[in-house]
*Asks:* 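Mind looking over this structure? Questions follow.
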Amino acid sequence: MTRPPRPPGEPPEPPRAEDSAQDSAQDSARDSAYDSAYGDPLRELVHAAVADRPLEDVVRLITLLEQSPEHARTTADALRAVGMDRSVEDVTRLVTLLTEPPRGSDSADEVIRAAAEHRPLEEVSRLMQLLNRAPVERHCGEAAVRAVAEHRPVEELAELIGRLATDRRRRERPLPEPAPTTAWAHRWLAGGHGRP
C-alpha cells in the first residue's frame, strides 16, 4: 500500500509496525539469499573451527558460546558439526571432556545424537563400542542407543544390530584351551630336560 504524498513542511510520519515488519522480512530474505549464494560465513567459521582445532580448544569454544544465550543456535551447530565431522575417536574423547565436572551432559548428548543419527553405520557401531568402553557416564552410551533407535530407518537399525551382535560374539569367544601337557613336558619345565 502506498501512502499519499505529504504536503510540504509537514513532519514525516513515524514508521508503522507493518512497514517495519515488511522491511524486516525484506532484510531477512535478502540475508537468506546472500547466504544461499555465498555461504553463511558464521556457519563456515564455526564448522572450520571445530573441524581443525585441538579438542581442548573446541571444548573451550563451546563453553564460551554456552555462556551467552544469544549463541544457543551457534553452540548447537558447533556441537552437531563435531559429531558429524570429527573422527569417531575424537567424538568419544570430546564426549569425555564435555562431561567432566562441573559440566552437565547436555552438550555431550547433542554431539552423540548428531553422530548417531547422521554418520555411516560402520562409524556408529564403532562409536557405540567406544562409548561403552571409554571413561564416560553410562548415560552417554544410552544417548547413542536412543538416537539410533529413534531416528534411523528400521533397515539400518537391523544392520547395526547385526554388527553389534557380531562384535559381541568376537569379544565373548573363549580363548582356546591350552594343549594338554605330558609328563616329560612337566619334567622339562621342572628342570629335567630329557625325554623319558
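This chain uses plain numbering: 1 for the first residue, then up along the sequence. Values reported hereafter were calculated over all heavy atoms of this structure, with side chains retained and with hydrogens, waters and symmetry mates removed.
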*Asks:* Got a list of side-chain donor-acceptor pairs under 3.5 Å for residues 141-151, not counting sequence neighbours?
*Replies:*
unit_1	atom_1	unit_2	atom_2	d
Glu142	OE2	Arg138	NE	3.2
His151	NE2	Glu117	OE2	3.4

*Asks:* Taking side-chain hydrogen bond (donor to acceptor under 3.5 Å, both in side chains) as the definition, give me every residue that meets it alongside Asp52, ordered by chain and number, with sequence neighbours left out.
*Replies:* none
*Asks:* Decide yes or no on side-chain contact (heavy atoms from CB on, under 4.5 Å) for Leu160 and Arg152, but give the supporting numbers first.
*Replies:* CA-CA 10 Å; Leu160 186 58; Arg152 288 291 190 145; 6.0 Å; no
*Asks:* Go through Val91 and Arg119 one step at a time and tell me if the side-chain contact (heavy atoms from CB on, under 4.5 Å) criterion holds.
*Replies:* CA-CA 12 Å; Val91 169; Arg119 293 184 82 120; 3.8 Å; yes
*Asks:* Linking I/L/V/M/F/W/Y whenever their side-chain heavy atoms sit closer than 4.5 Å, directly or via other members, would Ile161 and Met128 fall into one cluster?
*Replies:*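 Yes; tracing contacts between hydrophobic side chains, which count when under 4.5 Å, links both residues.
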*Asks:* Do any pairs count as a salt bridge (charged side-chain N to carboxylate O under 4.0 Å, His left out) and have a residue in residues 58-72, sequence neighbours left out, and if so which ones?
*Replies:* Glu66-Arg103
*Asks:* In the structure I gave you, are the side-chain heavy atoms of Ile112 and Val95 within less than 4.5 Å of one another anywhere?
*Replies:*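 Yes, their side chains come closer than 4.5 Å.
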*Asks:* How does the hydrophobic cluster around Leu42 look, that is, which other residues are in it when side-chain heavy atoms under 4.5 Å mark a link?
*Replies:*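 Via sub-4.5 Å side-chain contacts, Leu42 links to Val46.
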*Asks:* For Val50 versus Ala81, what's the shortest heavy-atom pair and its separation?
*Replies:*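 Closest pair (atom of Val50, atom of Ala81, distance): CG2-CB, 3.7 Å.
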*Asks:* Mind checking what makes side-chain contact (heavy atoms from CB on, under 4.5 Å) contact with Glu100, not counting sequence neighbours?
*Replies:* Leu97
*Asks:* If you round to the nearest 0.5 Å, how far is CG of Leu79 from OG1 of Thr74?
*Replies:*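 If I round to the nearest 0.5 Å, the distance is 11.0 Å.
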*Asks:* Which heavy-atom pair separates Gly39 from Pro41 by the least distance, and what is that distance?
*Replies:*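 Closest approach of Gly39 to Pro41: O-CD, 3.3 Å.
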*Asks:* Give, for atom OG1 of Thr75 and atom CD of Glu110, the distance between the pair rounded to the nearest 0.5 Å.
*Replies:* 10.0 Å
*Asks:* Could you give the distance from CG (Leu94) to OG (Ser107), rounded to the nearest 0.5 Å?
*Replies:* 9.0 Å
*Asks:* Could you list who else is in Val154's hydrophobic cluster, with ILVMFWY side chains joined at under 4.5 Å, directly or through other members?
*Replies:*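 The other cluster members (ILVMFWY side chains, heavy atoms under 4.5 Å, direct or chained): none.
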*Asks:* With hydrophobic residues grouped by side-chain heavy-atom distances under 4.5 Å, do Val59 and Val82 end up in a single group?
*Replies:*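 Same cluster: Val59 reaches Val82 through Ile, Leu, Val, Met, Phe, Trp or Tyr contacts under 4.5 Å.
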*Asks:* Excluding sequence neighbours, so at least two apart, what forms salt bridge (Lys or Arg N to Asp or Glu O under 4.0 Å) with Glu56?
*Replies:*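 Counting only residues at least two positions away or on another chain, Glu56 forms a salt bridge (Lys or Arg N to Asp or Glu O under 4.0 Å) with Arg93.
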*Asks:* Name all residues meeting the side-chain contact (heavy atoms from CB on, under 4.5 Å) criterion together with Ala72; count only those two or more places apart in sequence or in a different chain, and write none if there are none.
*Replies:*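 Residues passing side-chain contact (heavy atoms from CB on, under 4.5 Å) with Ala72: none at all.
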*Asks:* Is there a donor-acceptor pair under 3.5 Å between the side chain of Ser125 and the backbone N or O of Leu121?
*Replies:*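 Answer holds: no.
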*Asks:* Can you hop from Val124 to Leu164 via hydrophobic side chains spaced under 4.5 Å?
*Replies:*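 Val124 and Leu164: one cluster.
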*Asks:* Apply side-chain contact (heavy atoms from CB on, under 4.5 Å) to Thr166 and list each qualifying residue two or more places apart in sequence or on a separate chain.
*Replies:* Arg169, Arg170
*Asks:* Report yes if the side chains of Val58 and Asp90 come closer than 4.5 Å at any heavy-atom pair, otherwise no.
*Replies:*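 In short, these two side chains do not touch, never coming nearer than 4.5 Å.
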*Asks:* Can you check side-chain contact (heavy atoms from CB on, under 4.5 Å) on Asp85 and His47, steps first, answer last?
*Replies:* CA-CA 9 Å; Asp85 298 338; His47 280 253; 3.7 Å; yes
*Asks:* According to salt bridge (Lys or Arg N to Asp or Glu O under 4.0 Å), who are the partners of Glu122, at least two apart in sequence or on a separate chain?
*Replies:*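 For Glu122, no residue satisfies salt bridge (Lys or Arg N to Asp or Glu O under 4.0 Å) once neighbours in sequence are set aside.
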*Asks:* Is the shortest distance from a Lys or Arg side-chain nitrogen in Arg126 or Glu123 to a carboxylate oxygen in the other one below 4.0 Å?
*Replies:* no
*Asks:* Going by heavy atoms in the side chains, are Arg86 and Leu55 under 4.5 Å from each other?
*Replies:* yes
*Asks:* Provide the closest heavy-atom pair for Ala115 versus Leu127 in the form atom of the first, atom of the second, distance.
*Replies:*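 Taking every non-hydrogen atom into account, CB-CD2, 3.6 Å.
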*Asks:* Taking the side chain as every heavy atom from C-beta outward, state whether Leu61 and Arg53 have any atom pair closer than 4.5 Å.
*Replies:* no
*Asks:* Name all residues meeting the side-chain contact (heavy atoms from CB on, under 4.5 Å) criterion together with Asp106; count only those two or more places apart in sequence or in a different chain, and write none if there are none.
*Replies:* none
*Asks:* Report yes if some heavy atom in the side chain of Gln129 is under 4.5 Å from a heavy atom in the side chain of Asp167; otherwise report no.
*Replies:*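 A side-chain contact under 4.5 Å exists here.
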*Asks:* Please check: side-chain N/O of Thr99 versus main-chain N/O of Thr96, any donor-acceptor pairing under 3.5 Å?
*Replies:*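 Yes: the side chain of Thr99 pairs with the backbone of Thr96.
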*Asks:* Under the rule for salt bridge (Lys or Arg N to Asp or Glu O under 4.0 Å), what residues qualify as partners of Arg43, not counting sequence neighbours?
*Replies:*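 In terms of salt bridge (Lys or Arg N to Asp or Glu O under 4.0 Å), with neighbours along the sequence ignored, Arg43 is linked to Asp77.
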